[in-house]
Asker: 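Can you keep this structure in mind? I'll have questions shortly.
Values reported hereafter were calculated over all heavy atoms of this structure, with side chains retained and with hydrogens, waters and symmetry mates removed. Chain identifiers are assigned alphabetically (A, B, ...) following the order of the sequence lines, protein sequences preceding nucleic acid strands; residue numbering begins at 1 within each chain. Predicted model, so just to flag it, every value in this text is computed and none were measured.
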Number of protein chains: 2
Amino acid sequence: MGRGHMARRNTNRRVGIADVAEKAGVSHATVSRVMNGNAAVDPGIAARVRAAAVELKYQPNPVGRSLALGKTDTIGIVVPDLANPTFQAILRGLSIAAAQDGYRVLIADSSEVTSEEAILAGEARRRCDGVVLCAPRMSDAELEELAPTLHPLVLINRTTIATNTPSLSVDYGQGIQELAQHLVTLGHRRLVFLSGPEHSASNRQRLVGLDQFREEHPEIELQMLHGGSNFDSGHESTEAIIASGATGILAFNDLVAMGLLSGLHERGVRVPEDISVTGFDDIPFAKYTTPPLTTAAVPINELGSLAWRRMREQIQQAGEAPSQAQDEFSPRMEIRKSTAAPALKPAS
Amino acid sequence: MGRGHMARRNTNRRVGIADVAEKAGVSHATVSRVMNGNAAVDPGIAARVRAAAVELKYQPNPVGRSLALGKTDTIGIVVPDLANPTFQAILRGLSIAAAQDGYRVLIADSSEVTSEEAILAGEARRRCDGVVLCAPRMSDAELEELAPTLHPLVLINRTTIATNTPSLSVDYGQGIQELAQHLVTLGHRRLVFLSGPEHSASNRQRLVGLDQFREEHPEIELQMLHGGSNFDSGHESTEAIIASGATGILAFNDLVAMGLLSGLHERGVRVPEDISVTGFDDIPFAKYTTPPLTTAAVPINELGSLAWRRMREQIQQAGEAPSQAQDEFSPRMEIRKSTAAPALKPAS
DNA sequence: GAATCATGAGAAAGCGTTTTCTCAGAGCGT
DNA sequence: ACGCTCTGAGAAAACGCTTTCTCATGATTC
């Protein structure tokens, strides 16, 4: 009844490097060297250590490892709203890409609470080797101040002026202009923009784009309606949209557009015969709505994986070149069935 | 030009407990005590320490803390597919609930690769204080063996027989029966079940439920069609569905149903006039499809937060009561517009 | 055959905390 | 006024690992 022969007793205590060392008859140091393939270790001893390791099912404790190495092999991402498919897609792309390089991702949802963002980002940074900040709602000033603190940092849908921070952004201004242009080309003369969250930088970009559009098309009536970023806000805008008398609706994003589509359907308004509707983002659901949604496609999947690439670059070349890549994507028009020429007799 | 007056030099090196101790003229230990409000510390000294801490913007290093405390304040979640809205919702609920108790969540996507699950779960467990395993595709045997290893573990959509592991599950068998019953009550006599991923436990539950349904309704024709779990597989099944001659379709989940809805629409088949379609899960999009989808609602949001509660219970009472809560939810029927009585003349 | 060098393994010093242990000094009772 | 308990702070050990430093052993060279 000695020891070592009783199979499972893993409840007792976690097997550590010391156990392996003892079993193999070497020191901790040697075990560590073998596990990390570091210095040259006598092949015989190495084999013995490895055998002991597998027999004991030894798995190095990541926390101890992190403390010693000063890195956690983890990156953090903070998003304004995990319920939004766009951010979900980014998270997914990031996670999968990072996993391929042996990194994990820690998530933080700020729930659109601007004041939480900085705190969450800071906390995440302390636990991780880097942070990707996704569409932060905080002010430019705050962002500028925070950025250096977070340093291995990647920004999505936001840029900094002063700091050398890689950023991934989408040209929402151009995208919304193209959508508006598409509607005008179809023959629409009265448009509505159903705007998004106030603090969203991408919403501001859309507004700027539309200002430009207005200058170029003074003959077009373009109303602004305040909305939100989700289904419900689109749905709730139904009456206002109908009341507007417009025939072409530019929704803030696909979610809003879908909510609106649903509301219009309930009210018996036909899309696209009576009203044309466009979205933005091209979330996976967009092409399955009825009618399929005309939208501006954002390379939603690439965004996450590219974010990881930019992060990896910074982590690897710690301190070398500034590496402030500023990637900007141009959305691609996806003309589907939710837009068409307006009915001949103009409303009202 | 002494020191301490030059504002930012945080690039230099992270400020540690030692810096605070030095500035306050006390030992590390005292700083730690103050920060954690542990033993009674002289109020004067405590104030001095706190002042030094805020001035230096000291934030304890979580890795060091984790090593000393043996806990990371982080839990891991492994999901088969982060692209699935159901898992996204669970992740979100979990993340938000955990955050309220000061915990973060680390994510791992197994991409439906069964063999990866155990590895990912193990890795996650080593970095975290617990793991929630979401709809694992692995075999029962493997799960039984793995479960004790992961111990603070919560299972979603899967149960273990032997082990005392809290689990959250949905009675898919009952749900699918109720949906089938709903169709029969409407007058449908020829049904099709569009099944899901082979290794999915919830798919097996549906099949078992339908077997029971068959026994109770020998007069009903119920075909099985092999499908998948996403949009595309639903869309691709369109032809087969039409060819089946059935009037009532039970899709594996809402995603599949939506894909099918889209396919049927393209083919000019009217829903629900020509064919009735049901989904499962009641993802947020389900009520915005056209027509709105009849489905069995899974409390998708609660699932995540309840998972956290079960996890917290285990973490807190480490080793006390077995606490093997087995929560089972009964889906709630959401009768919407995608189901109706079949056309009077039965097909073929 | 002796001096030099490469090789490889153990000892020990971190990494940044928390916590136990220890001890100095203050307050109290008799 | 002496010894007792009690409070509170510093010293040091622990957490689990990596890595530098050091030194012994065996190989190499003139």
Asker: At less than 4.0 Å, is any side-chain N or O atom of N61(B) found next to OP1 or OP2 of dC15(C)? Yes or no.
Answerer: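 So the side-chain polar atoms of N61(B) never come under 4.0 Å of the phosphate oxygens OP1 or OP2 of dC15(C).
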Asker: Can a donor-acceptor pair be found, under 3.5 Å and without considering hydrogens, that links the side chain of Q326(A) to the backbone of T159(A)?
Answerer: no
Asker: Do we see a donor-acceptor contact under 3.5 Å between the side chains of T72(B) and D129(B)?
Answerer: yes
Asker: Using a cut-off of less than 4.0 Å, is there contact between a side-chain N or O of S27(B) and OP1 or OP2 of dA11(D)?
Answerer: no
Asker: In whole angstrom, what separates M35(B)'s CE from dT19(C)'s P?
Answerer: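 That distance rounds to 14 Å.
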Asker: To the side chain of I45(A), which of dT18(C), dA9(C), dT18(D) is closest?
Answerer: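 Within the option list, the nearest is dA9(C).
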Asker: Can a side chain N or O of S32(A) be found less than 4.0 Å away from OP1 or OP2 on dC17(D)?
Answerer: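 Looking at the OP1 and OP2 atoms of dC17(D), neither is under 4.0 Å from any side-chain N or O of S32(A).
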Asker: Okay, side chain of S66(B), backbone of K71(B): is any donor-acceptor separation there less than 3.5 Å?
Answerer: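 Flag set: sc S66(B) to bb K71(B) pair under 3.5 Å.
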Asker: For the side chain of L69(B), counting heavy atoms from C-beta on, which of dT19(D), dC17(D), dT18(C) is nearest?
Answerer: dT18(C)
Asker: So which nucleotide from dG10(D), dA9(C), dT18(C) ends up closest to the side chain of D42(A)?
Answerer: dA9(C)
Asker: Does the pair K23(A)/E55(A) count as a salt bridge with the N-to-O cut at 4.0 Å?
Answerer: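 Salt bridge present between K23(A) and E55(A).
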Asker: So V26(B), base contact, sugar-phosphate only, or nothing? Heavy-atom distance under 4.0 Å.
Answerer: sugar-phosphate
Asker: Which sits closer to the 5' end of DNA chain D, G16(A) or G25(B), going by the nucleotide each is nearest to?
Answerer: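 Final value for this comparison: G25(B).
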Asker: Does dT17(C) have its OP1 or OP2 closer than 4.0 Å to a side-chain nitrogen or oxygen of Y58(B)?
Answerer: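 So the side chain of Y58(B) is within the cut-off, an N or O lying under 4.0 Å from OP1 or OP2 of dT17(C).
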Asker: Rounded to whole Å, please give me the gap between CZ in R33(B) and P in dG8(D).
Answerer: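 Value for this atom pair: 11 Å.
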Asker: Using the test side-chain hydrogen bond (donor to acceptor under 3.5 Å, both in side chains), find all partners of T114(B) that sit at least two apart in sequence or belong to another chain.
Answerer: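 side-chain hydrogen bond (donor to acceptor under 3.5 Å, both in side chains) check on T114(B) returns nothing, list empty.
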Asker: Nearest of dG16(D), dT17(C), dT18(C) to any side-chain atom of L67(B)?
Answerer: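 It is dG16(D).
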Asker: For R125(B) and C128(B), indicate whether the former's side chain and the latter's backbone hold a donor-acceptor pair under 3.5 Å.
Answerer: yes
Asker: Over how many whole Å does the gap from I17(A) atom CD1 to dG16(D) atom C1' extend?
Answerer: 8 Å
Asker: Can you tell me the distance, in whole Å, between the NE2 atom of H28(B) and the P atom of dA11(D)?
Answerer: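 Value for this atom pair: 8 Å.
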Asker: What residues, two or more places apart in sequence or in another chain, satisfy side-chain hydrogen bond (donor to acceptor under 3.5 Å, both in side chains) together with N61(A)?
Answerer: none
Asker: Please give the angle, rounded to 10 degrees, between the axes at the start and the end of the helix from dG1(C)-dC30(D) to dT30(C)-dA1(D), where five pairs define each axis.
Answerer: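 Rounded to the nearest 10 degrees, the bend comes out at 50°.
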Asker: Quick one: do the R65(A) and N36(A) side chains pair a donor with an acceptor below 3.5 Å?
Answerer: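 The criterion, which ignores hydrogens and geometry beyond distance, is satisfied for N36(A) and R65(A).
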Asker: Rounding to an integer number of Å, can you tell me how far N36(B) CG sits from dT19(C) P?
Answerer: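 After rounding, the gap between these two atoms is 7 Å.
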Asker: Atom NZ of K71(A) to atom P of dG16(C): distance rounded to whole Å?
Answerer: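 The distance from NZ of K71(A) to P of dG16(C) comes to 16 Å, rounded to the nearest Å.
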Asker: Rounded to the Å, how far apart are R65(A) CZ and dG16(C) P?
Answerer: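 One finds 17 Å between P of dG16(C) and CZ of R65(A), rounded.
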Asker: Could you check how far CD of E22(A) sits from C1' of dG16(D), rounded to whole Å?
Answerer: 16 Å
